[in-house]
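Structure record follows, encoded as structure tokens.
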Amino acid sequence: AEMRGHALHLDLGPTCYRDFVGTNLHAAPNLEPLGAAYRADALGISATVMTRDGFLAYGRRNHTVAFHGGFLHTFGGLLEASDLRANASGDLLAAIHRELNEELRLSLHDLRDTVVTGLVRDAAILQPELLFDVSITLSRRELLDRFRAVVEGQEHAAIEFVADDPDSIVPFLRTCAPVAPIAAAAMLLH
């Protein structure tokens, strides 16, 4: 990753979820002496979802996921082959919109604004993560109803909300443990 003028440029290569789990999670201690070049480092993409009535929405991960089970987390996933354009560049906006559709059943009509807020690395799983703020047209109640319709078998077991107010974030972080590093970074960057 590097800044070129006012643009963030990401140099990405092919990988998959299986390789990421193998190199970044299971084999990480064995690969550490070899260096970062031996990790899959799949690019994570995730969003802080902002409802029209002033709340930030985060998911409580279920306990069957490969990492951060039971933790509060952003909504998102990994850049996938289907997110690549014909010239092999990644369509990151399409990728985060796809993830929000899969996890919250949000359509393009539900989205008002999508902004990149930062690029961070989850030190626990050694994963780079591109963070977005996504404003939606739904209220907190409408989003919760949409989520309840698809919660069966999903990676998130619940949604938790915090007021979109700087004075609410730190108290929320103190009381909603455990919180995945990416969720904490997303809230603080927001």
Could you measure the distance from the [atom1] atom of [X] to the [atom2] atom of [Y]? Nearest 0.5 Å is fine.
X	Y	atom1	atom2	value
His97	Asp91	NE2	CG	9.0 Å
Leu79	Leu10	CG	CG	9.5 Å
Thr48	Asp133	OG1	CG	5.0 Å
Ile159	Leu143	CD1	CG	4.0 Å
Leu131	Met187	CG	CE	11.0 Å
Ser139	Asp145	OG	CG	8.0 Å

query = Any chance CZ of Arg141 has more than 12 other-residue heavy atoms, nucleotides or ligands included, within less than 6.0 Å?
reply =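 It does not: Arg141 CZ has 12 such atoms or fewer within range.
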key: Neighbour count above 12 (heavy atom, 6.0 Å) for His9 NE2   =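 Yes - once you tally the heavy atoms of other residues, nucleotides and ligands closer than 6.0 Å, there are more than 12.
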Any side-chain heavy-atom pair of [X] and [Y] under 4.5 Å:
X	Y	value
Ile169	Val162	yes
Leu43	Leu119	yes
Asp110	Leu104	no
Leu92	Val116	no
Val134	Phe75	no
Thr51	Leu138	no
Tyr58	Thr74	yes
Ile182	Gln127	no

Specify the closest pair of heavy atoms between [X] and [Y], including all atoms of both residues, with the distance to one decimal.
X	Y	value
Thr137	Glu142	O-OE1, 4.2 Å
Gly76	Ile96	CA-CD1, 4.4 Å
Phe161	Ala57	CE2-CB, 3.6 Å

Identify whether [X] and [Y] are in the same connected component of the hydrophobic contact network (ILVMFWY, side-chain heavy atoms under 4.5 Å).
X	Y	result
Phe55	Leu173	no
Leu72	Met50	yes
Val115	Leu108	no
Leu100	Leu56	no
Val170	Leu189	no

query = Checking side-chain hydrogen bond (donor to acceptor under 3.5 Å, both in side chains) against Ser46, which of Glu103, Glu129, Glu99 comes through?
reply =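 Answer after filtering Glu103, Glu129, Glu99: Glu129.
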Is the side chain of [X] donor-acceptor paired with the backbone N or O of [Y] at a distance under 3.5 Å, no angle test?
X	Y	answer
Asn101	Leu106	yes
Arg146	Arg105	yes
Asp53	Arg140	yes

ask   = Where does the angle between the aromatic ring planes of His73 and His156 fall among parallel (under 30°), tilted (30 to 60°) and perpendicular (over 60°)?
value =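 Answer is tilted, since the angle falls between 30° and 60°.
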inquiry  = Could you go through Asp164 and His190, starting from their C-alpha distance and side-chain angles, then the distance that decides it, and tell me whether this counts as side-chain contact (heavy atoms from CB on, under 4.5 Å)?
reply    = CA-CA 9 Å; Asp164 189 1; His190 172 78; 2.7 Å; yes
